[in-house]
Amino acid sequence: LRTVADHVMQAADVIAEMRWPGLDPNDLQRSAVGRAAAPDLVAARLTEVVANMRGWALAAHLSADAIERVDRQNGDHFRPR
């Protein structure tokens with residue numbers, strides 16, 4: 001679980017560093033595309049995706065820690081027969 005969480009965190013870092021080229025409205029005069037704020041929309045959505053990925057990775061690490069802690073505390077109760 002920790003390994004997957006580490007990979008998710010690394011992927012989030014890579015995505016967070018991506019830069020999206022902007023559109024110059026002057027290059028696309030009288031075009032609906034020229035008025036679109038697509039790069040801003042993509043950047044905002046990716047910020048949310050990155051935050052969710054980091055949140056999941058943190059939760060996964062905390063879960064792995066809790067499972068390990070419980071296993072240590074209760075390991076004697078569930079010995080193989």
Side-chain angles (χ1 to χ4, degrees):
L1 184 58
R2 286 186 182 106
T3 300
V4 173
D6 289 342
H7 287 295
V8 169
M9 188 66 80
Q10 290 170 359
D13 291 342
V14 169
I15 293 169
E17 292 180 14
M18 288 181 175
R19 297 295 169 246
W20 298 92
L23 297 174
D24 185 351
N26 295 323
D27 290 344
L28 301 166
Q29 292 180 4
R30 292 181 291 223
S31 168
V33 174
R35 293 186 301 275
D40 295 335
L41 297 173
V42 169
R45 181 66 180 124
L46 284 179
T47 297
E48 182 181 340
V49 168
V50 166
N52 288 335
M53 290 172 73
R54 288 177 173 157
W56 182 91
L58 176 60
H61 271 284
L62 293 174
S63 295
D65 292 345
I67 291 167
E68 195 173 73
R69 195 170 38 257
V70 168
D71 191 44
R72 273 195 312 272
Q73 293 169 352
N74 298 318
D76 293 338
H77 296 201
F78 302 103
R79 289 182 181 234
R81 295 180 188 195

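This structure is a prediction, so every number in the text was calculated from the model and none was measured. Note that these values count all heavy atoms, side chains included, but never hydrogens, waters or copies made by symmetry.
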Item checked: Partners passing side-chain contact (heavy atoms from CB on, under 4.5 Å) against Asn52 (at least two apart in sequence or in another chain) -> Glu48
Item checked: Connected via hydrophobic side-chain network under 4.5 Å: Val49 and Val42 -> yes
Checklist line | Value rounded to 0.5 Å, distance of CD in Gln10 from CE in Met53 | finding: 10.5 Å
Next item on the list: Enter the distance from Asp71:CG to Gln73:CD here, rounded to the nearest 0.5 Å.
Entry: 10.0 Å
Check: In chain order, what residues pass the side-chain contact (heavy atoms from CB on, under 4.5 Å) check against Arg19, with sequence neighbours excluded?
Finding: none
Next item on the list: Of all the heavy-atom pairs spanning Val8 and Ala57, show the shortest one and how long it is.
Entry: CG1-CB, 4.4 Å
Note to self: Let me check something: do Met9 and Val50 share a hydrophobic cluster, defined by ILVMFWY side-chain heavy atoms less than 4.5 Å apart, either directly or through other members?
What the structure shows: no
Notebook entry, point to check: Linking I/L/V/M/F/W/Y whenever any side-chain heavy atoms sit under 4.5 Å apart, do Leu62 and Ile67 land together?
Noted result: no
Next item on the list: Treat each ILVMFWY residue as a node, draw an edge where side-chain heavy atoms are under 4.5 Å apart, and state whether Leu58 and Ile15 are in one component.
Entry: no
